[in-house]
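Worth knowing before you read on, the calculation uses all heavy atoms, side chains too, and leaves out hydrogens, waters and symmetry mates. Chain letters run A, B, ... following the sequence lines, proteins first and then strands; every chain starts at 1.
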2 protein chains.
Amino acid sequence: MPTSPTDHGVTLKLDRSLISDLPLFAELEAAACDDILETAHARHYGKGAVVFSQTEAAHSFFLLLHGRLRVTQVTAAGEQIVVRFVNPGDIFGVAMALGRDTYPGTSTAVVDCLALLWPSAIWPQLIGRHPLLAANAMRMIGGRLQDAHQRLREISTEDVERRVAHAILKLVDEAGQKSAAGVEIDFPLSRQDIAEMTATTLHTVSRIMSAWEAAGVIESGRQRVVVRDRPRLMAIAANADD
Amino acid sequence: MPTSPTDHGVTLKLDRSLISDLPLFAELEAAACDDILETAHARHYGKGAVVFSQTEAAHSFFLLLHGRLRVTQVTAAGEQIVVRFVNPGDIFGVAMALGRDTYPGTSTAVVDCLALLWPSAIWPQLIGRHPLLAANAMRMIGGRLQDAHQRLREISTEDVERRVAHAILKLVDEAGQKSAAGVEIDFPLSRQDIAEMTATTLHTVSRIMSAWEAAGVIESGRQRVVVRDRPRLMAIAANADD
DNA sequence: CGGCAATTTGACTGTGGTCAACGTGGGTGG
DNA sequence: CCACCCACGTTGACCACAGTCAAATTGCCG
């Protein structure tokens, strides 16, 4: 199922309307957007394709336009954790800007994706010419730092059920799609994925979600989660006794 | 014991030799350092003093020159975690740059500290005038993001003993002081602190460290940790069976 | 020297991990 | 187009790691 990446529009001029509304380009003038796009390429990644791998040299950084990516890290002992999911408008693979010369994780397309990419070496020039871009990028990285700290807080202090509830609610906020029965997470998400986000096992996740399904809180199936009763799920996320 | 902050050198001209060797100012020219220092104040915080508090408006950002700070967050349920320790040369309280208008945590001086501070509002101008400062700051924030991900990995996949071993080793690297018996962490650090860094309880930390002490790996007392046998501690951090 | 905070240690318990076996649905190939 | 197969999911039994509760001890600080 993995598809090899294919180039698109490398010679084609990229239109700034693709990106000018994204938070990364907030406050930037049209000319600045054009200048930044000058050095960008667009590329398509089929479902299952690996955009970059952990420890690989960080040749490029990316901006996701369409689709959804999963970023994972593998420990020395071979266990995997999900670092985050990348949403449209997010930057990813910015290792070089963060002071690394290799990617710290692996990112995989969970659905068909379209991304822009720049050579990492360009970053210093871009922020030199466009201080607002630097400020915006720093805000986005800041958001990721907050997310990481929130997860640390949750894993440190909450029991598994509340952690799973928080994880599902966050994904619903980022990738919720109204459907007949409620709000559905619009990309394939396995029990294993949820376990790797919440520091537990797929078994425990399955047990918890089965209980929720029986209680009418969610509806779920193979790599599919629909939240039926959001307030109830929020109550579970907040409360210890239930 | 908490001391109220006192101003120092507000009118006094700050010398760039204080800061020009720090990573935040790497590659910056002398004139740039002077320009940045123009808007800085220096301030002293006595042991136990609170530099800023969670949810407080982020009026300033800081650079630690001397001492050591602990940054904590409190959950809605009232439980506390240690986010990190701030070492000399680190920036902290950069909430505004990360897109927040309040501090996400509380920072407390664990020993007497000296810090520079700037009004948060100045940040955009500073990075506008000094792109290298932006690049350096982003690298430092990137390092914190890596740290957070490493802790997530550890809490998710390792048992308590290995997590504690990793935490102690990291602190020894950052704040190790050669002493008669080995390498000592040069600031007061309680079992509770270690527990809040590693998502466990002070009881479990105490049991683990008692065992290590009996085995001659460390020597410890009231808010004091000396690593006697670093290689052995590294082996504990790496291995599961021991 | 009195008092309190930090630490130690013991006994018990429960959450959630491990091991194992069995469903099930969807994609793929014949 | 249907059937097979495999990845994904479910469920049960068991038990261990580490959290909780409790109490004693130590060592600073004032």
Side-chain angles (χ1 to χ4, degrees), chain A residues 1-3 46-48 70 77 79-81 108 110-111 154-165 167-168 185 187-215 218-226 236 240-242, chain B residues 1-3 46-48 70 77 79-81 110-111 154-165 168 185 187-215 218-226 236 240-242:
Chain A
M1 178 177 315
T3 313
K47 179 177 174 174
R70 182 183 48 228
E79 282 172 297
Q80 193 172 81
I81 70 160
T108 311
V110 292
V111 295
E154 290 174 2
I155 297 183
S156 300
T157 63
E158 297 177 356
D159 60 27
V160 175
E161 184 171 18
R162 286 197 283 168
R163 299 206 298 267
V164 175
I168 301 290
I185 293 170
F187 61 88
L189 178 75
S190 71
R191 302 291 180 265
Q192 178 77 41
D193 291 332
I194 299 172
E196 287 174 5
M197 299 177 71
T198 54
T200 181
T201 62
L202 72 166
H203 305 277
T204 301
V205 171
S206 179
R207 278 184 254 267
I208 287 169
M209 293 184 70
S210 295
W212 289 350
E213 183 134 29
I218 63 165
E219 190 178 301
S220 81
R222 204 187 177 72
Q223 309 204 109
R224 201 176 129 271
V225 180
V226 185
I236 292 170
D241 48 316
D242 210 67
Chain B
M1 177 176 315
T3 313
K47 179 175 175 177
R70 181 182 50 226
E79 283 172 297
Q80 192 172 82
I81 69 160
V110 292
V111 295
E154 290 175 1
I155 296 182
S156 299
T157 63
E158 297 177 356
D159 60 27
V160 176
E161 185 171 15
R162 284 196 286 167
R163 298 205 300 266
V164 174
I168 300 290
I185 293 170
F187 60 88
L189 179 75
S190 71
R191 303 288 180 269
Q192 179 75 41
D193 291 332
I194 300 171
E196 287 174 6
M197 298 178 71
T198 54
T200 181
T201 62
L202 74 167
H203 306 276
T204 301
V205 172
S206 178
R207 277 185 254 266
I208 288 169
M209 293 184 69
S210 294
W212 289 350
E213 181 133 30
I218 64 165
E219 189 179 302
S220 82
R222 205 185 177 74
Q223 310 205 106
R224 201 176 129 273
V225 180
V226 184
I236 293 171
D241 49 314
D242 209 66

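In this structure, A/Glu161 atom CD and C/dG17 atom C1' are separated by 17 Å, rounded to whole Å. The interatomic distance linking B/Glu158 (CD) with C/dG17 (P) rounds to 16 Å, in whole Å. Distance CD1 (A/Ile208) to C1' (D/dG9): 15 Å, rounded to an integer number of Å. C/dG17 atom P lies 14 Å from atom CD1 of A/Ile194, rounded to whole Å. Between B/Asp159 atom CG and C/dT18 atom P there is a gap of 11 Å when expressed in whole angstrom units. The interatomic distance linking A/Ile218 (CD1) with D/dG9 (P) rounds to 12 Å, in whole Å.
No side-chain donor-acceptor contact under 3.5 Å links A/Ser206 to the backbone of A/Leu202.
Distance check: B/Ser220 OG to B/Ile168 CD1 gives 8.5 Å after rounding to the nearest 0.5 Å. In this structure, OG1 in B/Thr198 is found 7.5 Å from CD1 in B/Ile208, a value given to the nearest 0.5 Å.
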Nucleotide N/O of nucleotides 7-9 of chain C paired with protein N/O under 3.5 Å:
unit_1: C/dT7; atom_1: OP1; unit_2: B/Gln223; atom_2: N; d: 2.8
unit_1: C/dT7; atom_1: OP2; unit_2: B/Arg191; atom_2: N; d: 2.9
unit_1: C/dT8; atom_1: OP1; unit_2: B/Arg191; atom_2: NH2; d: 3.4
unit_1: C/dT8; atom_1: OP2; unit_2: B/Arg191; atom_2: NE; d: 2.9
unit_1: C/dT8; atom_1: OP2; unit_2: B/Ser206; atom_2: OG; d: 2.6
unit_1: C/dT8; atom_1: O5'; unit_2: B/Ser206; atom_2: OG; d: 3.3
unit_1: C/dT9; atom_1: OP2; unit_2: B/Ser210; atom_2: OG; d: 3.0
unit_1: C/dT9; atom_1: O4; unit_2: B/His203; atom_2: ND1; d: 3.2

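For A/Gln192, the side chain to side chain donor-acceptor pair (under 3.5 Å) partners are A/Glu196, not counting sequence neighbours. When the side-chain contact (heavy atoms from CB on, under 4.5 Å) test is applied to B/Thr157, the partners found at least two apart in sequence or on another chain are A/Thr75, A/Glu79, A/Ile81. For B/Arg70, the salt bridge (Lys or Arg N to Asp or Glu O under 4.0 Å) partners are B/Asp193, not counting sequence neighbours. Listed by chain and number, the residues in a side-chain contact (heavy atoms from CB on, under 4.5 Å) with B/Arg224 are B/Glu184, B/Glu219, B/Val226 (sequence neighbours excluded).
In this structure, the side chains of B/Val164 and B/Glu161 stay at 4.5 Å or more apart for every pair of heavy atoms.
One axis for each end of the helix from C/dC1-D/dG30 to C/dG30-D/dC1, each built from five base pairs, and the angle between them comes to 50° at 10° resolution.
Here the nucleotide nearest the side chain of A/Thr200, chosen from C/dG16, C/dG17, D/dA18, is C/dG17.
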